[in-house]
Enquirer: 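Here it is, the structure in full.
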Amino acid sequence: MSSSKIYLEFTSIGCNKLPQIASWGYDGLLAFGANNYVALYYPEDPESKGIIATLSGHKDKVNCVEFINRGNNYLHEINQTNIAIISGSADKTVRIWKKNKSDKWVNSAILESHNGSVNTLGVVRSRNIIVEKDLFATGSSDGVIKIWERCELDDTKDSVECIQTINLGSKYPIDLAISYLPESKVPILACGSTDKRLLLFVQKNGQFIESLSLQGHENWIRSLSFATYTTPILPQNLSSNDIKNEYKLQEGDLLLASGSQDKYIRIWKISLVKNDQEEVDKGKGNENGNEKKSLIKDLLANVLDDGTFSGNKVQLSTKAHIIDVEVAKDGDKRYSIMFEALLMGHDDWIYSVCWQPPCLIKGNLKYHQPMTILTSSSDKSMMIWKPEPDTGVWVNLTRVGEIGGYTLGFLGGLFNKKGNYIISHGHTGAFHLWKNIGQDDSDSEDWQPQVSISGHFNSVKDISWDRGFNYLTSVSLDQTARIFAPWCRNIDNDKLAVTWHEISRPQIHGYDINCFSFVNKWRYVSGSDEKVLRVFDAPKTFVQSLSKLMNDPGILEELVNIKNFEAAAQEEEFLSRQSYSHSSATPNSLLQTLDKPPFEEHLLQHTLWPEIDKLYGHGFELISVEASNDGKYIASACKATIAEHAVIRLYDTSTWKELPNPLQSHTLTVTQIKFSHNDKYLLSVSRDRIWSIFEKCEGTIPYKFITKNKAHSRIIWDCSWSHDDKLFATGSRDKTVKIWTQIKSQEQTQWDCKSTIKFQEAVTAIDFAPIFINQRYLLAIGLENGKIFIYQSEDENQIEKWNEFIEVDKNECHVSSVNKLMWRNKNIQKFMNNENVKLQLASCGNDYCVRLLNLVI
């Protein structure tokens, strides 16, 4: 092993498309489920660093994430903090994550008692959470809610005990919320399920008992959120006496907001029924005990009053539901649960409701729970609701989102601790972030979009640096191609900040994209499941935006020299096509030069590259494509079960026509094609376990077959040429990498296996470093289990023996098959604060991740 180290520069992965997939902690950390990972991200980070870590452990997709909070919020102080993350997954387990003494995130407990996918989590949200055992609930698709108590053992381990199992029968839980009843420490659990009713459970003797089933919603209840009411700050021209009594809430009342697929949000009030005269009738000071009892009887009679129904429609009902709760010290307490408000404004399913977190009022620093709710819906909008001070009627103050366009609506929305940021996620794996830039000392609200993160939401099949090594492009089964580049700018007194972002989405396809290759710096060809190769050219605006974002004027100088930028007519045609097909895409927006990374709405519509040609010839789904280094030829192969289809077709890039006589050698699918750096040889590997080499020749057919070898005992997944073209390597499912070198022979060109490197898992991706490191060859190797190794030769002449140089840390690797590795050794220093970074390694995998690693020599 060497003293060299490798560390993570950038991670891109899309958020899972589920409503409860993200949670925003009090310390500013956002945790969200991304495929099998729990990803961590600071949205308010002024440097916009993006994802800082991915926590691996789940064996299937993560469905829900929440923070466990502890702490006391006093009258003049907010001390609550998030102490752990809890995640539920389709692998039927729940995992708890926390920081150890070294400030590293560790998996402190695994809960494995559900028989179905864990779809929802309920954690305590209250003003004061002073506990030694954290209470939380998990809901699963097996129709069961489990109640747990968590106790910390040490900095890496937790003890978690299941204290109750609640079976819902034929319905299953969609959302859970837990809080404490007013003026008590008795937990109340709210459950939204698939039968339209809101279930309330109150704890008695350590067990939750179903106390009420509230009707009102006309479809599944998707989201629940508790908040404790505090007396609001009233405008100067309004006193408390001006508000009608029926609009008043009492300090300490518990409010429950519920959002449903019926497009409405309902707010329910849970308040303590006090024994004093005021609670019975404020207007009569001389009521006796009998009248008090009769009022309570009336309230109880109203609980199941049929008068709240009219046909099948549930009418607005303000009748109280009464429950008696045994409180340890004070004996029985009586609570009334009433419908408080109906919020109407969304046009489609509501997926999330979220109260703004408590804050301290400026001036007197008094604890205050803002009466502000954020809702997200599949009608492509998020709304912020507040009650009017004089009437208490809830109104929609702010609406953010999009009108028209490609988006399919929002699945979840969250407030940050201060309430000046909101974030949402939707169907494309990206986050949408807004900041309120209105004046702090006024109630004015001006929500402006901010730079956030995005990523693929399906397996990433191929990645490549452009020919100038300025930006990284990836293609995926999510049917998109995405371009990532560094954003270089000065922040905080000229401090250089360099962060990687998605800056363009050049292709949005109707088919899964399997492979692509750059023909030159500004042109690429991609192959997908549709059997057609498509060729794309970068528009002028992309080059101008890239130059501005990378703070590199040198990129613009190339505009003059390249032909495809001179064809203005082509761009005009592209613009007219765009504006015709998207109502919100105008020529002006498509010609806009970016000065910061684009938002998701812009990426979806305004960053496409014009398609300049289609290449036909293949009869099945395309698997591999590669362009020669001089850009003259494109070689491609498709799925094949017979030799007739397992050919490599060559295309001439000057005419975009297929050359006659495809290259024949294999009998099954060709999995990878690689040109040597001098274009003298073309190497192909296949499912038939054979590698073949074709040599460049003069004439109408540019390459001819010279040799092949049945090199491995299983499918060969990948191959790579060394930078000097003296060696090539092949990696196979037989868990080996073989190094081959040319032997001079009078009869014919032969290649001999000089070394075999064995692994514990199948090898799925390999790539030779583009330079010698310490006079040695360097080879990056990716395995089927997601691990990445870097091996080095003894020296540049002794290639018989290879040693492990670095094993990349498991938290910086993948958790499933590595699909492609690609080194970069140019244009690094311009964008790095560390002068010792000589190489960067890009990787992609079936875990939806694109990662960029820095190698320090």
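Starting from 1, each residue takes its place in the sequence as its number. None of the values given here were measured: they were computed from a predicted structure.
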Enquirer: Tyr351: which residues meet the ring-ring contact (aromatic ring centres under 6.0 Å, His included) condition with it, sequence neighbours left out?
Expert: none

Enquirer: Please give me the minimum heavy-atom distance between Tyr26 and Pro357, naming the atom from each residue.
Expert: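 Heavy-atom minimum between the residues: CE2-CB, 4.1 Å.
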
Enquirer: Where the side chain of Asn16 meets the backbone of Leu18, is there a donor-acceptor pair that is under 3.5 Å apart?
Expert: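 Absent.
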
Enquirer: Quick one: pull up CE in Met382 and CD1 in Ile423 and give me the separation to the nearest 0.5 Å.
Expert: 8.5 Å

Enquirer: Any chance you could measure Leu153, atom CG, to Ser108, atom OG, to the nearest 0.5 Å?
Expert: 9.0 Å

Enquirer: Is it true that Phe32 and His425 have ring centroids separated by less than 6.0 Å?
Expert: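 No, ring centres 6.0 Å or more apart.
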
Enquirer: Between atom OG of Ser23 and atom CD of Glu66, what is the distance when rounded to the nearest 0.5 Å?
Expert: 4.0 Å

Enquirer: Could you tell me whether the side chains of Gln369 and Thr228 share a donor-acceptor contact shorter than 3.5 Å?
Expert: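 No pair is found: no donor N or O on one side chain lies under 3.5 Å from an acceptor on the other.
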
Enquirer: Between the side chain of Gln80 and the main-chain N/O of Asn69, is any donor-acceptor distance below 3.5 Å?
Expert: no

Enquirer: Looking at Lys263, I'd like to know if its NZ atom is crowded, meaning that more than 12 non-hydrogen atoms belonging to other residues, nucleotides or ligands lie closer than 6.0 Å.
Expert: no

Enquirer: Do you know which two heavy atoms are closest between Gly116 and Asp142, and how far apart they sit?
Expert: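 In terms of heavy atoms, the two residues are closest at N-OD2, 3.6 Å.
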
Enquirer: Is there a donor-acceptor contact under 3.5 Å linking the side chains of Ser376 and Ser424?
Expert: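 Absent: no donor and acceptor within the cut-off.
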
Enquirer: A side-chain contact here means heavy atoms from C-beta on lying under 4.5 Å apart; do Leu414 and Ile422 qualify?
Expert: no

Enquirer: Sub-3.5 Å donor-acceptor pair from the side chain of Trp220 to the main-chain atoms of Thr194, do we have one?
Expert: yes

Enquirer: Where the side chain of Trp355 meets the backbone of Ser225, is there a donor-acceptor pair that is under 3.5 Å apart?
Expert: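 Answer holds: yes.
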
Enquirer: Can you name the closest pair of heavy atoms from Phe415 and Leu374 and give their distance?
Expert: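 Nearest pair, atom of Phe415 first, then Leu374: CE1-CB, 3.4 Å.
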
Enquirer: Could you go through Lys146 and Thr165, starting from their C-alpha distance and side-chain angles, then the distance that decides it, and tell me whether this counts as side chain to side chain donor-acceptor pair (under 3.5 Å)?
Expert: CA-CA 5 Å; Lys146 288 185 180 285; Thr165 299; 3.2 Å; yes

Enquirer: Can you find a heavy atom in the side chain of Val160 that is under 4.5 Å from one in the side chain of Phe136?
Expert: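 They are in side-chain contact.
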
Enquirer: Under 3.5 Å, is there a donor-acceptor pair between the side chain of Asp195 and the main chain of Arg197?
Expert: yes

Enquirer: Roughly how far, to the nearest 0.5 Å, is the CD1 atom of Ile147 from the CD atom of Glu161?
Expert: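 Output value for this atom pair is 12.5 Å.
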
Enquirer: For residues 166-181, run the donor-acceptor check on the side chains, cut-off 3.5 Å, and write out each pair with its distance to 0.1 Å, sequence neighbours left out.
Expert:
unit_1, atom_1, unit_2, atom_2, d
Asn167, OD1, Gly169, N, 2.9
Asp175, OD1, Thr120, OG1, 3.4
Asp175, OD2, Leu224, N, 2.6
Ser179, OG, Arg125, O, 2.9

Enquirer: Return the minimal non-hydrogen interatomic distance between Lys133 and Cys151, and the atom names on each side.
Expert: CG-CB, 4.4 Å

Enquirer: Out of the candidates Val131, Ile130, Asn82, only one should pair with Arg70 under the side chain to side chain contact (heavy atoms under 4.5 Å, CB included) rule; please name it.
Expert: Val131

Enquirer: Could you pull out the closest heavy-atom pair between Ala31 and Ile85, with the gap in Å?
Expert: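 So the minimum-distance heavy-atom pair works out to CB-CD1, 3.9 Å.
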
Enquirer: Any non-hydrogen side-chain atom of Leu255 less than 4.5 Å from a side-chain atom of Met371?
Expert: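 Yes, side chains in contact.
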
Enquirer: According to the ring-ring contact (aromatic ring centres under 6.0 Å, His included) rule, which pairs have a member within residues 253-272, sequence neighbours left out?
Expert: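 Output for this query lists Trp268-Phe339.
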
Enquirer: Mind running side-chain contact (heavy atoms from CB on, under 4.5 Å) on Ile86 and Phe67 for me, showing each step along the way?
Expert: CA-CA 6 Å; Ile86 178 170; Phe67 279 100; over 6 Å; no

Enquirer: Taking only residues two or more places apart in sequence or in another chain, which ones pass salt bridge (Lys or Arg N to Asp or Glu O under 4.0 Å) with Glu152?
Expert: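 Testing Glu152 for salt bridge (Lys or Arg N to Asp or Glu O under 4.0 Å), a comparison that skips the adjacent residues, returns Arg150.
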
Enquirer: Is it true that a side-chain atom of Ser211 and a backbone atom of Ile209 form a donor plus acceptor pair closer than 3.5 Å?
Expert: yes

Enquirer: Go through Ile145 and Cys191 one step at a time and tell me if the side-chain contact (heavy atoms from CB on, under 4.5 Å) criterion holds.
Expert: CA-CA 9 Å; Ile145 301 170; Cys191 169; 3.7 Å; yes

Enquirer: Compare all side-chain heavy atoms of Leu111 with those of Trp148 and state whether any distance is below 4.5 angstrom.
Expert: yes

Enquirer: Between Gln207 and Ile163 (side chain of the first, backbone of the second, donor and acceptor by atom type, cut-off under 3.5 Å), is there such a pair?
Expert: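 Yes: the side chain of Gln207 pairs with the backbone of Ile163.
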
Enquirer: Has the side chain of Asn416 got a donor or acceptor atom that lies under 3.5 Å from a matching backbone atom of Tyr421?
Expert: yes

Enquirer: Are Ile350 and Gln261 side-chain neighbours, meaning at least one heavy-atom pair lies under 4.5 Å?
Expert: no

Enquirer: How close do Pro182 and Ser271 get, heavy atom to heavy atom, and via which atoms?
Expert: CG-CA, 4.4 Å

Enquirer: Test side chain to side chain donor-acceptor pair (under 3.5 Å) on Glu445 and Thr398 and set out the steps.
Expert: CA-CA 8 Å; Glu445 295 200 356; Thr398 305; 2.9 Å; yes

Enquirer: Evaluate side chain to side chain donor-acceptor pair (under 3.5 Å) for Ser452 paired with Tyr41, printing each intermediate quantity in order.
Expert: CA-CA 10 Å; Ser452 191; Tyr41 158 52; 3.1 Å; yes

Enquirer: Could you check if a side-chain atom of Ile373 sits within less than 4.5 angstrom of a side-chain atom of Trp394, using non-hydrogen atoms only?
Expert: yes

Enquirer: Please check if atom CD in Glu132 has more than 12 non-hydrogen atoms from other residues, nucleotides or ligands closer than 6.0 Å.
Expert: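 No.
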
Enquirer: Would a distance-only check, ignoring hydrogens and angles, find a side-chain to backbone donor-acceptor pair under 3.5 Å from Asn63 to Val118?
Expert: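 Pair found, side chain donor or acceptor close to backbone of Val118.
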
Enquirer: Which value, rounded to the nearest 0.5 Å, describes the distance between Ser213 atom OG and Gln215 atom CD?
Expert: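 Separation between the atoms: 6.0 Å.
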
Enquirer: In Å and rounded to the nearest 0.5 Å, what is the NZ to CD distance from Lys418 to Gln356?
Expert: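 Interatomic distance, Lys418 NZ to Gln356 CD, rounded to 0.5 Å: 12.5 Å.
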
Enquirer: How about Ser336 and His321: does a side-chain donor come under 3.5 Å of a side-chain acceptor?
Expert: no

Enquirer: Is there side-chain contact between Gln448 and Lys435, with heavy atoms separated by less than 4.5 Å?
Expert: no

Enquirer: Check residues 198-205 and write down every donor-acceptor pair under 3.5 Å in which the side-chain atom is one partner and the other belongs to a residue at least two apart or another chain.
Expert:
none

Enquirer: Kindly indicate whether the side chain of Lys196, heavy atoms from C-beta on, has any atom under 4.5 Å from the side chain of Ile221.
Expert: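 No; the side chains remain at least 4.5 Å from each other.
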
Enquirer: Does any N or O in the side chain of Ser260 come within less than 3.5 Å of the main-chain N or O of Asn219, such that one atom is a donor and the other an acceptor?
Expert: yes

Enquirer: Run the side-chain hydrogen bond (donor to acceptor under 3.5 Å, both in side chains) test against Asp379 and tell me which residues pass, sequence neighbours left out.
Expert: His346, Ser377, Ser381

Enquirer: Would you check if there is a donor-acceptor pair between the side chains of Thr372 and Trp385 at a distance under 3.5 Å?
Expert: no

Enquirer: Any chance you could lay out the side-chain contact (heavy atoms from CB on, under 4.5 Å) test for Tyr335 and Ile322, step after step, and finish with the verdict?
Expert: CA-CA 6 Å; Tyr335 292 93; Ile322 299 295; over 6 Å; no

Enquirer: With a sphere of 6.0 Å drawn around NZ of Lys92, does it hold more than 12 non-hydrogen atoms of other residues, nucleotides or ligands?
Expert: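 No.
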
Enquirer: Do Thr138 and His114 have a side chain donor and acceptor closer than 3.5 Å?
Expert: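 A donor-acceptor contact under 3.5 Å links the two side chains.
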
Enquirer: Have His368 and Thr230 got a donor and an acceptor in their side chains that come within less than 3.5 Å?
Expert: yes

